[in-house]
A.B. asks: 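This is the structure I want to talk about, given as structure tokens.
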Amino acid sequence: MAVFDARPQWPDATLDKYVPQLSTAGLSIVMAQEWSSRFVFGDVGAMVYYLKHVPWLVPDFSVTRYTEQLLKLQAQQERGEALVYSARNYLIEARKQPEA
């Protein structure tokens with residue numbers, strides 16, 4: 001999340017990268033989906049809760065470490081500005097093919 005100056009840990013993690021690798025490894029691709037989504041946080045506390053449970057978004061996240069940014073977000077919300085962020089996601093279901 002840019003507000004915390006966090007960079008994606010795996011910027012090249014895409015379907016285009018992993019589906020061929022899984023197929024090459026002998027797995028059958030059952031489903032592969034990619035989508036973009038929007039996260040709208042009702043308040044800063046909800047964002048803190050979320051970030052503590054998905055540590056790969058801001059790996060070193062803590063309220064103490066990011067107090068300044070969190071206070072800015074609180075002020076943004078108090079001005080009536082929504083706390084909205086976007087994300088790119090993908091899901092791959094792959095299965096080991098039965099042995100003949």
Side-chain angles (χ1 to χ4, degrees):
M1 297 180 81
V3 69
F4 300 105
D5 198 29
R7 305 283 183 251
Q9 291 187 36
W10 305 283
D12 61 339
T14 64
L15 289 180
D16 291 340
K17 177 180 180 179
Y18 291 117
V19 167
Q21 289 180 9
L22 292 167
S23 295
T24 299
L27 297 173
S28 173
I29 304 302
V30 176
M31 174 186 50
Q33 297 177 348
E34 190 169 31
W35 69 97
S36 295
S37 57
R38 251 174 47 135
F39 292 98
V40 181
F41 295 98
D43 57 49
V44 174
M47 180 183 287
V48 168
Y49 181 86
Y50 178 74
L51 290 174
K52 286 183 172 267
H53 289 83
V54 286
W56 53 88
L57 290 181
V58 183
D60 59 349
F61 180 80
S62 75
V63 171
T64 302
R65 183 173 288 119
Y66 290 102
T67 299
E68 183 178 328
Q69 290 89 336
L70 293 168
L71 289 172
K72 287 179 182 178
L73 289 170
Q74 181 66 35
Q76 173 183 330
Q77 184 185 21
E78 289 172 0
R79 289 190 305 269
E81 299 174 34
L83 302 175
V84 180
Y85 299 91
S86 60
R88 182 180 49 90
N89 305 287
Y90 66 89
L91 174 68
I92 303 170
E93 180 182 352
R95 294 190 181 152
K96 182 177 178 181
Q97 297 187 20
E99 294 184 29

A.B. asks: Which pair of heavy atoms, one from Pro8 and one from Pro11, lies closest together, and at what distance?
C.D. replies: O-CD, 3.5 Å

A.B. asks: Excluding sequence neighbours, so at least two apart, what forms side-chain contact (heavy atoms from CB on, under 4.5 Å) with Ser28?
C.D. replies: Gln97

A.B. asks: In chain order, what residues pass the side-chain contact (heavy atoms from CB on, under 4.5 Å) check against Arg7, with sequence neighbours excluded?
C.D. replies: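 Expected list: Asp5.
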
A.B. asks: Using residues 45-66 as the side-chain source, report each donor-acceptor pair under 3.5 Å to any protein atom, sequence neighbours left out, with the distance given to one decimal.
C.D. replies:
| unit_1 | atom_1 | unit_2 | atom_2 | d |
| --- | --- | --- | --- | --- |
| His53 | ND1 | Tyr49 | O | 2.7 |
| Asp60 | OD1 | Tyr66 | OH | 2.8 |
| Asp60 | OD2 | Tyr66 | OH | 3.4 |
| Ser62 | OG | Arg65 | N | 3.0 |
| Arg65 | NH1 | Asp60 | O | 2.1 |

A.B. asks: Measure the CD-CD1 distance between Gln33 and Ile92 for me, rounded to the nearest 0.5 Å.
C.D. replies: 10.5 Å

A.B. asks: Which residues satisfy the side-chain contact (heavy atoms from CB on, under 4.5 Å) test with Asn89, sequence neighbours excluded?
C.D. replies: Trp35, Ser37, Ala87

A.B. asks: Taking distance alone, no hydrogens or angles, what donor-acceptor pairs closer than 3.5 Å link side-chain atoms of residues 68-86 to residues at least two apart or in another chain?
C.D. replies:
| unit_1 | atom_1 | unit_2 | atom_2 | d |
| --- | --- | --- | --- | --- |
| Glu68 | OE2 | Lys72 | NZ | 3.4 |
| Gln74 | NE2 | Glu78 | OE2 | 3.0 |
| Gln76 | NE2 | Ala82 | O | 2.9 |
| Gln77 | NE2 | Gly42 | O | 2.4 |
| Arg79 | NE | Glu81 | OE2 | 2.9 |
| Arg79 | NH2 | Glu81 | OE2 | 3.3 |

A.B. asks: Between Leu27 and Arg95, is any pair of side-chain heavy atoms under 4.5 Å apart?
C.D. replies: no

A.B. asks: Throw together a table of side-chain donor-acceptor distances under 3.5 angstrom for residues 14-22, partners on residues two or more places apart or in other chains.
C.D. replies:
| unit_1 | atom_1 | unit_2 | atom_2 | d |
| --- | --- | --- | --- | --- |
| Thr14 | OG1 | Asp16 | N | 3.4 |
| Thr14 | OG1 | Lys17 | N | 3.2 |
| Lys17 | NZ | Asp12 | OD2 | 2.9 |

